[in-house]
Asker: 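This is the structure, below, for whatever I ask next.
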Amino acid sequence: MSMDLAKNLYAKMPDVFAKARKKFGRGLTLSEKVLVSHADNFDTQTWERGKAMLALRPDRVAMQDATAQMAMLQFMQANKATVAVPSTIHCDHLIRAEMGSEKDLLRAVDENKEVYNFLASAAKKYGIGFWKPGAGIIHQVVLENYAFPGGLIIGTDSHTPNGGGLGMLAIGVGGADAGEVMAGLPWEVLHPKLIGIHLTGKLSGWASPKDVILFLCGLLTVKGGTNKIVEYFGPGAETISATGKGTICNMGAELGATTSVFPFDQKMVAYLNITDRADLANLAIANRSLLVADPEVSLSPEKYYDQIVEVDLSTLEPHVVGPHTPDLARPISKMAAEAKEKGYPVELKAALIGSCTNSSYEDISRSAHIAQQGLKAGLKAKTSFLVSPGSERIYHTMKRDGFLDTFEKLGGTVLSNSCGPCIGQWKRADGVKGKADSIVSSFNRNFPGRNDGINETLSFLASPEIVTAYAISGDLAFDPVHQNITGADGKEFKFLPPQGEELPAKGFAKGEEGFVAPAVNGEGLTVDVPPTSERLQLLQPFPRWDGKDFDKLPLLIKTKGKTTTDHISPAGPWLKFRGHLDKISDNMFLGANNAFFPEPGKGTDVLTGETGLTIAQIARRYKAKGIGSIVVGDENYGEGSSREHAAMSPRFLNVRVVITKSFARIHETNLKKQGILALTFADPKDYEKIEQQDRISVTGLSSLAPGKPVQVTIHKPDGTSLTIQANHSITEQQIAWFKAGSALNALN
Ligand code: MIC
Ligand code: SF4
C-alpha cells in the first residue's frame, strides 16, 4: 500500500541528500535523511537542531478512534472535499475489556455505535481508510500495512514511533496537527537534536528488546528525549527483529522523544516479506544506501549525534520498571530487595501481556514457552492473566500455532485486539479503591490509575516473557532468571530461558482484516453526527484574543509533581466522551495533585472560598463570570499521551495561560494550537512563589515575539506584588494562533 509513496520518495532522495551534504558540509544521519527528504522546501528551510522549526510533508496520517474524533471534527472545519495525504482511522481504544474477546467486541460495537458511525462516515466521505473495531491496535496495523523504510508518518497517538521498527520516522501528534496535514498544510516541528544509541553484542537468554528500552528509560528519564530523535546504530541493531525494534521505538515515547528509528536491514526485509510486501522489500534493498546513515557517521558518531549512549546487548539484564513512572528502572535481580525496602506489596494481582508495544510473534512465542514450562510442572497462573493481541493477524496466528490454547490452559483470558486494560478500559474484578495492589504488564505506561482507574495501584512494566513468569509465581519478589520455583509435585525447578521464533514459520494466518476502503467520490455523502448525541458535539470556534493583557487571573490549580495528560484528562470511563468537548471537560485535572488541596482533582473557588470542588466545577464557575484563569505546573508537564483534550478542555473552560517548569513536546504544541499561552518559568524556583490566593498578570502581550520573555506579576493577597520572567518557544506563526484564538481559527 505504500509502494507508490516509497517509489516517489526514493527517486527524489539522492538530489536532496546531495544538497543537504553540501549545505551541512558533512554526511547525513538516517534521521536527517528522512527529515531533509520530507522538507516542504529544502532551500528556504533553516536547519538548526534545537532551534529551527521544520516545515515537513508527511507521507501519511494515522489516527485512532479516541483521538480521531477531535481530529476529524477539526478537519471538517477546514471545509475540504477530501484529505490531501493518505490517511487511516483505527478503532482500538474504545473497546472495554471484561468478558473476553468476542463478547467485549459485540458490546463495543453496540455501545460505541454513534462514534464508529461518525468515524466510518467521515472516513468514507473524505477518502480515509477505516479499520473496524477488532481489526487491531493502530501501531501494530500500521507496522503490518503502512510503515516503510525512509518514510515519515504522523499519528494522533504518542506511540506512533512504533513505525521506527521499519526504519521510518513515525511521530505522535495532536489531532489539530493531523487535521491540518490532512487539509494540505505542512506539518511543523522543532528541529530535533539527535541521541545516537550505539548497540553492540546480541540479546540472549531472558533479555529481550523490551529490556533495551526499559534500561534506557532508567538511564535517560522521562524527559531525556524531549525534542530529540533517538537513532539506533551499530552491529547490535542488526541482531534485533523488526518487531523488537518496533517495541524499542514505541516506548521511546516514554523518554519524551520526538521519535526513534533504526536503520534499514535484513530483519526489516524479513518482516516486509512475511507481511506480503516483498515488492517494497526489494525496492528498499535496491535503495539501501538511502535508508541508512552515511558510512562516515558510524566512524565518528560524536560528530553527528548530540549525545551518544553505548549499550552492550550481550550483558543486558531483564529489567522491571515502576511503579507510577516508566523511568524507575532496575534489573530484575534487584526487584525483591527494592520491593522490601520500599514496601511494595509483592503479591501480584494481575499480569497482562500484549498491547501495541509487545504482541509480536516473537513476544508471544517466547511467553508461550514460559507458560508451557509452567504447565508441564503442573502450575497455573496465580494471578489474573490477560492477553491483548495487537491485530487480527497476530490473533489468528497465535490461535493456529497453539499459543492461545497454552495461555488459556494456564488460566489466561484472551481479550479483543485492542487497547483495553492498557488505557483503563478494564473492569478489574478484584480492584478496591484506596488499596495499594501490585500488577505487572508488558505495556508501556504505568501512570497512577492508568489501567484499573485506581490511583493507588502499583503498576510495573517488564517484557512479556517476564510478565508470564510473574503470572505463574504471583510474586513480584520472584526472579525467574536466577531463582527456582516449586512445581505442583513439590519439586523445585528453574525456568529455561524463553525460546521463540521471530516470525511464524508458516507465515501469518489471516482473519477478517477489517479494512473498509473510502468512497471513490465522497462529495454527496454526509457525516453522521446525531444532533442530540451524548458522545459527539460539533466544535464551536474558541473566541479570539481581545488584544488585552491578562490581568489578575485567579490560579485554577498549581499541580505538584508528575502531571501527565492522564492526570489532566483521564481516560478509562471518560474515553466515551472524547468527541464531546463539553462533557469530557468535567474530567479536567481529576487525576492531578493540587499543591493546595490534599485530594487529587479538587481545589478551592478562590473567589467565594468554597472548597472541595472539582477543578472543572471551579473553572466552570469562573467561566460563567467571564473570568479566565491560570494553571501552574511542574516539570515535564503534559508527559504521555497525545490527547489534545488535555489542552482543549482547559481552553474550553477559559484557562488562558499555563506556566510550568518545563513541558512535554506534544502537549506544549497542543496548548499552543488551542490558543493557550504556554510559558515556562525563567527561574524554575519561581514555581515556589505562587500561592493559592495570588492573582497573576501576564503583560506586554501585544508585543509578544519569538524568543522574547514575558513578564508575569504575582499579586499577593496583602497587596504586595512581585514580578518574574517567563520564557516561551512561540514562533511568529504560533503568535498568530494565539491572537486568532486557536490554530484552526487562524486557518479560516
Ligand atoms: C496512550 O497510550 O496514552 C494512548 C491512550 O494511546 C494515548 C492516546 C489517547 O489518549 O487517546 C497516546 O498515547 O497518545
Ligand atoms: Fe493502546 Fe496502550 Fe498502545 Fe496506547 S499504549 S495505543 S492505549 S495499547
Side-chain angles (χ1 to χ4, degrees), residues 62-71 89-97 115 131 133 136-143 154-163 170-175 177-178 210 213 246-247 249-254 256-257 259 326 352-359 363 386-391 394 415-426 441-451 459 461 464 564-572 574-579 584 587 591 638-649 664-667 669-670:
M63 295 163 278
Q64 44 89 340
D65 52 1
T67 48
Q69 299 168 60
M70 279 300 169
I89 291 177
H90 304 259
C91 297
D92 52 2
H93 280 61
L94 299 178
I95 305 170
R96 289 192 288 136
V115 172
W131 288 82
I137 307 177
I138 177 169
H139 311 305
Q140 184 61 35
V141 175
V142 166
L143 197 73
I154 58 168
T156 58
D157 192 280
S158 68
H159 293 107
T160 303
N162 195 66
I171 305 182
V173 298
D177 287 44
K210 179 79 157 199
I213 190 64
T247 297
C249 293
N250 175 308
M251 234 190 126
E254 273 50 68
T259 191
L352 308 96
I353 62 169
S355 88
C356 69
T357 331
N358 270 110
S359 62
D363 293 329
L386 303 176
V387 184
S388 300
S391 70
I394 299 274
L415 303 173
S416 61
N417 312 319
S418 64
C419 302
C422 181
I423 188 53
Q425 296 275 57
W426 175 29
S441 78
S442 71
F443 305 164
N444 45 25
R445 290 217 162 119
N446 57 352
F447 304 143
R450 172 151 177 118
N451 304 115
S459 165
L461 308 174
T564 70
T565 43
D566 280 68
H567 292 92
I568 305 169
S569 178
W574 293 95
L575 275 173
K576 62 175 176 290
F577 297 129
R578 282 290 184 86
I584 200 169
N587 79 349
E639 175 187 341
S641 155
S642 65
R643 63 191 74 147
E644 62 201 325
H645 307 77
M648 291 182 97
S649 291
R665 174 188 63 93
I666 306 179
H667 186 61
T669 306
N670 285 345

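Just so you know, ligand 1 is whichever comes first in the structure, and atom 1 is the first atom listed for that ligand.
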Asker: Any non-hydrogen side-chain atom of Leu461 less than 4.5 Å from a side-chain atom of Glu254?
Answerer: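 No, side chains not in contact.
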Asker: Would you call Asp566 and Arg643 a salt bridge, taking side-chain N to carboxylate O under 4.0 Å as the test?
Answerer: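 Yes, Asp566 and Arg643 are salt-bridged.
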Asker: side-chain hydrogen bond (donor to acceptor under 3.5 Å, both in side chains) for Asn417 and Ser391? Distances and angles first, verdict last.
Answerer: CA-CA 5 Å; Asn417 312 319; Ser391 70; over 6 Å; no
Asker: For ligand 2, is any non-hydrogen atom under 4.0 Å from Arg450's backbone (N, CA, C, O), its side chain (CB onward), both, or neither?
Answerer: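 Only the side chain of Arg450 comes within reach of ligand 2.
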Asker: Taking side-chain hydrogen bond (donor to acceptor under 3.5 Å, both in side chains) as the test, write out the residues that go with Asp157, two or more places apart.
Answerer: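 Scan of Asp157 (side-chain hydrogen bond (donor to acceptor under 3.5 Å, both in side chains), adjacent residues dropped) gives Gln64, His93, His139.
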Asker: Just to be sure I read this right, does ligand 2 sit under 4.0 Å from the backbone of Asn444, its side chain, both, or neither, counting only heavy atoms?
Answerer: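 Side chain only.
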Asker: Please check: side-chain N/O of Asp363 versus main-chain N/O of Pro464, any donor-acceptor pairing under 3.5 Å?
Answerer: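 Not confirmed, Asp363 side chain does not pair with Pro464 backbone.
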Asker: What residues sit with at least one heavy atom under 4.0 Å from ligand 1?
Answerer: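 Protein residues near ligand 1 are Gln64, Ala66, Thr67, His93, Asp157, Ser158, His159, Ile423, Arg445, Arg450, Arg578, Ser641, Ser642, Arg643.
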Asker: Testing Ser459, Cys422, Ser441 one by one against Arg450 for a side-chain contact (heavy atoms from CB on, under 4.5 Å), which residue passes?
Answerer: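 Between Arg450 and the candidates, side-chain contact (heavy atoms from CB on, under 4.5 Å) is satisfied uniquely by Cys422.
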Asker: Do any protein N, O or S atoms sit under 2.8 Å from atom 1 (Fe) of ligand 2, and which ones are they?
Answerer: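 N, O, S partners closer than 2.8 Å: Cys419 SG.
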Asker: So do the side chains of Ile95 and Gln425 get within less than 4.5 Å of each other, counting heavy atoms only?
Answerer: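 Ile95 does not reach Gln425 side chain to side chain.
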Asker: Hey, could you give me the SG/CD1 distance between Cys419 and Ile137, rounded to the nearest 0.5 Å?
Answerer: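 The SG atom of Cys419 sits 5.0 Å away from the CD1 atom of Ile137.
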Asker: Tell me every residue that passes side-chain hydrogen bond (donor to acceptor under 3.5 Å, both in side chains) with Glu639, counting only those two or more places apart in sequence or in another chain.
Answerer: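 In terms of side-chain hydrogen bond (donor to acceptor under 3.5 Å, both in side chains), with neighbours along the sequence ignored, Glu639 is linked to Lys562, Asn636.
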Asker: Is a donor on one side and an acceptor on the other found under 3.5 Å between the side chain of Thr565 and the backbone of Gly640?
Answerer: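 Side chain of Thr565 to backbone of Gly640, a donor-acceptor pair under 3.5 Å: no, none is there.
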